[in-house]
Protein chains: 2
Amino acid sequence: MNAPDTGPTTRDRILNAAERLFAQRGYYGVTIRQITREAGVDVALASYYFGPKADLFRAVLERRAEELHGAILASIDAVEKRAGDRPPGVESLIRAFAQPSIDRLVRGGEGWRDYIHMMAGLYSSQQSEFLVAMNDMYTPAMRRVMELIRLSIPTASERSVTLSFYMLLTAVISIYSETVGLERLSNGTIHPTDFDAILDHLAPFFAAGFHRMASV
Amino acid sequence: MNAPDTGPTTRDRILNAAERLFAQRGYYGVTIRQITREAGVDVALASYYFGPKADLFRAVLERRAEELHGAILASIDAVEKRAGDRPPGVESLIRAFAQPSIDRLVRGGEGWRDYIHMMAGLYSSQQSEFLVAMNDMYTPAMRRVMELIRLSIPTASERSVTLSFYMLLTAVISIYSETVGLERLSNGTIHPTDFDAILDHLAPFFAAGFHRMASV
DNA sequence: GTCTATAATGAGATAGAC
DNA sequence: GTCTATCTCATTATAGAC
């Protein structure tokens with residue numbers, strides 16, 4: 001669409017800047033003027049392309065959702081295939097669910113990092129309008145994981161698996177946010193960016209929990 | 001100090017209003033004018049009592065920290081006493097850690113509810129300055145729990161227990177925030193305010209994880 | 001598609017009267 | 001300890017020139 005040296009379009013420049021700033025300071029912590037300043041474009045262009053601020057926020061949220069959600073579903077499918085006729089193990093399902101986000105966080109460039117930080121910040125906010133919108137974008141993948149865990153642990157009730165999955169979800173999302181919490185808790189010996197090490201701990205840790213609640 | 005019918009002092013009226021609004025909309029989502037309007041006092045009084053907005057936020061954060069932190073420590077002590085000479089079990093330590101906050105969330109009145117929601121919102125924000133301040137207020141209790149878990153599972157490394165405790169912490173804090181996440185995940189069958197039921201699931205769930213990672 | 005200019009509003013903070 | 005008045009600055013949003 002563009003000549004090779006023009007870089008991103010104005011629309012994308014605004015989305016990129018908004019993504020970065022919303023990730024750092026949340027919805028209310030950012031003004032449209034800061035966004036357009038950061039993007040190097042005129043203030044009026046934000047309204048021109050996106051309308052009000054809330055719509056710009058939603059546009060940022062939606063831009064990468066389809067790709068990431070698709071990657072998570074594909075990752076779950078791959079684990080299913082590898083398991084053959086039997087249901088895949090819980091630990092591998094946890095890994096399949098978390099890995100695509102971590103891949104993009106680590107190797108997807110700044111844009112993906114900002115996007116995932118932004119989602120993590122949103123998840124525990126009281127901004128329930130945006131929160132529900134985001135939740136809905138990833139619901140099919142979450143339901144699929146819960147379904148497969150139930151096949152893997154048939155004695156566990158739906159309620160038990162839902163509660164356990166929620167615990168998993170909150171932990172995974174906190175890890176995506178790379179906050180200083182873990183670093184301070186460990187006196188600086190564990191870095192929030194050691195995602196591989198953290199996932200190697202998290203996966204068996206939570207798998208054990210799911211199995212423990214198998215009879216509930 | 002006050003006559004019995006004057007109600008809270010102006011200072012406390014401002015703190016109460018700030019607590020409520022910060023809990024709902026976060027630091028940036030609230031203006032001093034909104035706070036003083038909600039408190040029914042003049043705008044200028046916020047500056048008079050607390051100085052800049054950041055200092056007011058810190059004052060809200062600090063007001064209840066000592067009491068809650070003390071209650072958590074007392075709760076841990078009680079579990080230790082009950083266990084006698086042997087180290088207390090992991091599940092009872094998890095309960096001791098989470099229960100004082102839940103008690104205040106459920107039975108402490110609006111003020112405590114707002115305070116705990118505000119802390120939960122802060123924990124996963126990128127507001128690292130306030131975040132670190134809050135973390136520090138509760139560090140002794142967290143260290144104590146980790147210490148006792150290590151006594152209970154002597155084969156677990158410090159690193160393993162720290163990672164596991166971090167997972168626990170993120171889940172517990174998410175639950176305090178009472179967001180719509182769990183409700184949506186369960187299609188409305190599990191309510192975020194069913195704290196007793198959630199804790200009955202969470203405690204054995206996480207205890208199993210700690211034990212699973214005993215040899216790491 | 002981009003920018004200038006401006007309208008309308010609200011923000012934080014404080015000096016000074018009471 | 002409280003309030004009025006005001007300063008200074010930034011905000012969203014839009015109308016209209018280019």
Side-chain angles (χ1 to χ4, degrees), chain A residues 1-61 63 118 125-127 129-130, chain B residues 1-63 118 121-122 125-127 129-130 133:
Chain A
M1 304 288 184
N2 293 306
D5 59 346
T6 47
T9 60
T10 297
R11 201 172 180 281
D12 276 329
R13 292 171 70 90
I14 295 171
L15 285 173
N16 291 341
E19 191 169 56
R20 177 159 50 249
L21 292 171
F22 283 138
Q24 286 166 9
R25 296 157 49 89
Y27 180 72
Y28 290 113
V30 177
T31 68
I32 291 182
R33 299 188 107 87
Q34 289 172 332
I35 291 168
T36 50
R37 210 180 302 141
E38 173 98 359
V41 305
D42 192 86
V43 211
L45 294 175
S47 309
Y48 175 74
Y49 282 105
F50 300 100
K53 185 180 174 183
D55 291 358
L56 171 57
F57 189 85
R58 248 181 293 271
V60 174
L61 215 48
R63 179 167 59 151
M118 178 178 152
S125 77
Q126 305 297 107
Q127 297 280 103
E129 198 194 321
F130 296 138
Chain B
M1 303 289 183
N2 294 307
D5 58 347
T6 48
T9 61
T10 298
R11 201 173 180 280
D12 276 328
R13 293 171 68 89
I14 295 171
L15 285 174
N16 292 342
E19 193 169 55
R20 178 159 50 248
L21 292 171
F22 284 138
Q24 286 167 8
R25 297 157 51 88
Y27 180 72
Y28 291 112
V30 178
T31 67
I32 291 183
R33 300 183 111 89
Q34 289 172 333
I35 292 169
T36 50
R37 209 179 303 142
E38 174 99 358
V41 305
D42 191 86
V43 210
L45 295 175
S47 309
Y48 175 75
Y49 282 104
F50 300 100
K53 184 180 174 184
D55 289 359
L56 170 57
F57 188 84
R58 248 182 293 271
V60 174
L61 215 46
E62 279 164 13
R63 178 168 59 152
M118 177 178 152
L122 184 57
S125 78
Q126 305 297 109
Q127 296 280 102
E129 198 193 322
F130 296 137

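Applying the ring-ring contact (aromatic ring centres under 6.0 Å, His included) rule to B:Tyr49 yields no partners; only residues at least two apart in sequence or on another chain are considered. For B:Ala18, the side chain to side chain contact (heavy atoms under 4.5 Å, CB included) partners are B:Phe22, B:Ile35, B:Leu56, B:Val60, not counting sequence neighbours. The ring-ring contact (aromatic ring centres under 6.0 Å, His included) test applied to A:Tyr28 returns no partner, not counting sequence neighbours. Checked against ring-ring contact (aromatic ring centres under 6.0 Å, His included), B:Phe50 has no partners two or more places apart in sequence or in another chain.
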note = Readout for nucleotides 11-18 of chain C: B = base within 4.0 Å of protein heavy atom, S = sugar-phosphate only, - = neither; 5' to 3' it is BBSB----
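Here the CG-CZ distance, from B:Leu15 to B:Arg63, works out to 4.5 Å after rounding to the nearest 0.5 Å.
When rounded to the nearest whole Å, the span between CD1 of A:Ile35 and P of D:dA13 equals 11 Å. Residue A:Phe50 contributes atom CZ, which lies 16 Å from atom P of D:dT14 at whole-angstrom precision.
No donor-acceptor pair under 3.5 Å is formed between the side chain of A:Arg13 and the backbone N or O of A:Pro8. Listed for the A:Tyr27 side chain is no donor-acceptor partner under 3.5 Å among the backbone atoms of B:Gly29.
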message = Would B:Met118 and B:Phe57 count as a side chain to side chain contact (heavy atoms under 4.5 Å, CB included) here? Give the steps.
response = CA-CA 10 Å; B:Met118 177 178 152; B:Phe57 188 84; 3.4 Å; yes
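Using a 4.0 Å cut-off on heavy atoms, none of the residues of residues 19-29 of chain B approach DNA chain D.
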